[in-house]
2 protein chains.
Amino acid sequence: MNLKQLAHMLALSQTTVSRALNGYPEVNEETRRRVMDAAKRHGYRPNPSARRLATGKTGMIGYVLPTGASVDIDPHFVEFLSGLGDYARSHELDLVLSPADADDQETTYRRIVANRQVDAVYISSPRPADRRVALVNTLGIPFIVHGRSEGFDFDYPFTDIDNEGAFHEASRLLIQLGHRRLALINGDDRETFAIHRERGVRRALAASGLALGERHVCSVVMTEENGYRATKRLLEAGDAPTAIVCSSLIMALGVVRAVRDLGLTIPGDVSLIAHDDVFPWLRPENFSVPLSTTRSSIRLAGARVAERLAARISGLEEGVRGEVWPVDLVVRGSVAGAPA
Amino acid sequence: MNLKQLAHMLALSQTTVSRALNGYPEVNEETRRRVMDAAKRHGYRPNPSARRLATGKTGMIGYVLPTGASVDIDPHFVEFLSGLGDYARSHELDLVLSPADADDQETTYRRIVANRQVDAVYISSPRPADRRVALVNTLGIPFIVHGRSEGFDFDYPFTDIDNEGAFHEASRLLIQLGHRRLALINGDDRETFAIHRERGVRRALAASGLALGERHVCSVVMTEENGYRATKRLLEAGDAPTAIVCSSLIMALGVVRAVRDLGLTIPGDVSLIAHDDVFPWLRPENFSVPLSTTRSSIRLAGARVAERLAARISGLEEGVRGEVWPVDLVVRGSVAGAPA
DNA sequence: CAAGAAAGCCAAAGCGCTTTGGAAGACTCT
DNA sequence: AGAGTCTTCCAAAGCGCTTTGGCTTTCTTG
């Protein structure tokens with residue numbers, strides 16, 4: 001059932017039927033009702049390919065997915081996707097993932113824009129002066145950055161959490177509890193979020209005349225194993241930290257294992273605070289010692305990004321507003337006063 | 001730069017240019033070279049929307065993503081996606097995720113097929129007599145099922161692992177080590193994979209004249225917390241098992257925590273084998289006691305599914321062949337002879 | 001009551017590609 | 001040399017929708 005047939009059986013022109021369906025004003029309300037009714041009754045759905053060709057609108061949002069044998073997709077991604085999908089569903093949007101060589105995403109961005117394959121894109125895990133952001137900005141497709149980049153001579157729309165503030169608060173608490181030697185087990189420090197988190201820790205320490213020891217900060221891919229190794233190294237060295245701030249719950253698993261391996265305890269010997277993106281399948285309150293966390297739902301972020309993308313597509317959102325969400329500091333059993 | 005312009009500057013018709021580009025035989029090789037060359041030089045890329053409208057082919061594969069506030073996407077999904085994306089990238093395929101209400105995916109399947117939004121779809125986590133499989137089968141779109149359904153009067157193409165065999169082997173080993181009371185901490189038993197795994201355990205037990213105690217099998221959503229709870233319950237009851245087989249590494253984290261909480265040890269008091277889908281961020285060899293696993297890379301499965309989908313789209317694969325991959329049983333420190 | 005405005009509808013021209021049905025020229029064969 | 005066969009290319013017809021520009025009617029208004 002296509003427009004032509006529908007128009008024919010209503011004894012109307014395609015023009016009128018199309019306009020009636022798309023809510024244009026120059027059609028009689030009575031006629032519109034007739035058309036709408038017939039369309040519904042016959043299950044008429046406009047062919048999206050044809051509509052795309054005519055309008056250029058696709059009803060899809062895009063994401064360039066870095067892939068490769070040695071590239072791992074962040075497990076946080078599913079949660080982000082849950083949020084995004086939840087919003088997208090209620091607005092008839094689909095998400096298209098365009099896999100790209102992790103080292104050459106630019107080509108793919110150019111392709112999906114040139115081909116008009118999607119109405120908007122989002123960018124995640126940005127780095128300072130991220131080329132993707134600059135590219136997408138010049139290509140002129142609506143976009144939202146999830147996270148932040150830095151060092152551009154232009155502004156751009158983003159949704160991010162207050163990573164610096166979160167880690168500042170966490171560190172401040174530890175300092176107040178008497179800790180003097182903090183360590184930071186961070187994610188890849190080429191990414192902005194990791195830079196911000198480190199900045200937060202340093203700022204808190206500096207406020208008390210302390211500093212982050214050179215060997216007390218490490219930047220690794222956020223796996224359980226790396227959390228373990230980092231902790232082992234930290235605690236076996238001479239000036240072992242008495243408190244650790246950690247960028248992910250998964251790494252925190254490794255931290256806990258390392259501490260136990262060394263015959264130490266949390267929080268007796270080491271206090272621990274980790275960042276929690278809120279996974280349904282791994283909860284900080286269920287760690288052997290309930291874990292204190294800086295908490296921010298990445299699922300909500302996904303929904304928000306989708307919402308803003310939809311708004312930008314339909315022209316409801318303009319400008320380059322960046323928004324920064326506060327992060328909760330949730331204190332549980334894994335922190336205590338510094339050992340004597 | 002579109003076909004018309006390109007044809008015009010080559011002083012050829014659109015027909016010829018189109019054919020030259022698409023490898024049709026009725027064009028002079030010399031001409032083809034000229035066309036190809038000019039196309040490359042001017043960076044001509046056929047407009048996909050137009051091509052879609054004309055051919056119906058989209059160059060996209062589809063996945064209906066169940067969403068909802070209370071629906072969690074399986075974290076395995078990112079790994080599957082890695083494999084899928086890796087293959088798709090090298091074949092210029094994109095993946096479109098169509099979010100759907102988890103309780104009404106049918107509408108979405110119908111939509112994406114009716115709209116010709118994708119060339120093929122895959123279905124994951126199927127259940128016995130899964131309605132999605134039946135639906136997609138009648139809709140006539142190429143598809144592959146990742147996993148297996150059961151109880152249809154038709155065959156369908158799938159790629160699955162030998163869940164029953166894997167859990168049979170794992171159980172057999174435990175029995176040979178003298179264990180008599182096994183327990184199974186399984187995933188949602190409405191899904192086929194869970195049914196097959198239980199079947200494997202039962203078959204191994206039956207071969208030695210044993211059975212799976214009624215309270216020794218539980219079926220839960222695969223979270224750390226549920227692993228913990230199930231284990232706690234199992235071990236605190238009267239006829240506590242001496243060995244546990246567990247359907248996921250994440251649940252195994254909870255198992256380990258529960259065992260420790262009760263002052264017991266692995267493998268001294270309880271032997272443990274879990275299924276490992278191979279995550280880069282959580283490895284069984286890094287558990288406090290290295291974990292024995294039944295191992296099968298879900299990433300490879302993703303790549304294989306993409307490969308088969310591509311083959312079916314281009315008509316290279318026909319028929320309804322199902323393939324079942326063997327699973328490795330990897331023995332590490334978490335198993336030992338039954339306690340006396 | 002004639003003239004101008006507004007409302008309601010339509011025919012046809014795209015959007016950019018593929019594909020059908022020829023046609024012209026070159027080549028083969030008897 | 002004439003008939004038949006390839007080879008190589010082309011014009012034009014879709015694919016199904018939106019949108020432009022215009023044409024009737026009907027409704028105002030002085």
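Only a predicted model underlies this, so the values are computations on that prediction, with no experimental measurement involved. No hydrogens, no waters, no symmetry mates; every other heavy atom, side chains included, goes into these values.
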Checking the side chain of [X] only, and the main-chain atoms of [Y] only, is there a donor and an acceptor separated by less than 3.5 Å?
X: B/T67; Y: B/A100; value: yes
X: B/S149; Y: B/R127; value: yes
X: B/N47; Y: B/S49; value: yes
X: B/D119; Y: B/G59; value: yes
X: B/R299; Y: B/G83; value: no

[N] [atom2] sits how many Å from [X] [atom1], rounded?
X: B/R52; N: C/dG16; atom1: CZ; atom2: P; result: 16 Å
X: A/N115; N: C/dC15; atom1: CG; atom2: P; result: 18 Å
X: B/E30; N: D/dT7; atom1: CD; atom2: P; result: 18 Å
X: B/L53; N: D/dG14; atom1: CG; atom2: P; result: 14 Å
X: B/L10; N: D/dC10; atom1: CG; atom2: P; result: 10 Å
X: B/R116; N: D/dC17; atom1: CZ; atom2: P; result: 12 Å
X: A/N22; N: D/dG16; atom1: CG; atom2: P; result: 17 Å
X: A/L3; N: D/dG14; atom1: CG; atom2: P; result: 17 Å

Exactly one of B/F77, B/Y156, B/Y63, B/F80 should register a ring-ring contact (aromatic ring centres under 6.0 Å, His included) with B/H146. Which one does?
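Exactly one pass, corresponding to B/F80.
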For the atom pair OG1 (A/T159) and CZ (A/R304), what is the distance rounded to the nearest 0.5 Å?
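Atom-to-atom, A/T159:OG1 and A/R304:CZ are 5.5 Å apart.
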Pick base, sugar-phosphate or nothing for B/T55, based on heavy-atom distances below 4.0 Å to the nucleic acid.
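The residue B/T55 makes sugar-phosphate contact but no base contact.
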May I ask you to verify if any side-chain N or O of [X] is less than 4.0 angstrom from the OP1 or OP2 atom of [N]?
X: A/R51; N: D/dT18; result: yes
X: B/Y24; N: D/dC9; result: no
X: A/Y44; N: D/dC17; result: yes
X: A/N47; N: D/dC15; result: no
X: B/N2; N: C/dC15; result: no

Hey, what are the protein-to-nucleotides 8-11 of chain C N/O distances that come in under 3.5 Å?
| residue | atom | partner | partner atom | Å |
| --- | --- | --- | --- | --- |
| C/dC9 | OP1 | A/T31 | OG1 | 2.9 |
| C/dC9 | OP2 | A/N28 | N | 3.2 |
| C/dC9 | OP2 | A/T31 | OG1 | 3.2 |
| C/dC10 | OP2 | A/S13 | N | 2.7 |
| C/dC10 | OP2 | A/S13 | OG | 3.1 |
| C/dC10 | OP2 | A/T16 | OG1 | 2.8 |
| C/dC10 | N4 | A/R19 | NH1 | 2.8 |
| C/dA11 | N7 | A/T15 | OG1 | 3.4 |
| C/dA11 | N6 | A/T15 | OG1 | 2.5 |

Please pick, from D/dT19, C/dC17, C/dC15, the nucleotide with the shortest atom-to-atom distance to any side-chain atom of A/A54.
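Output: C/dC15.
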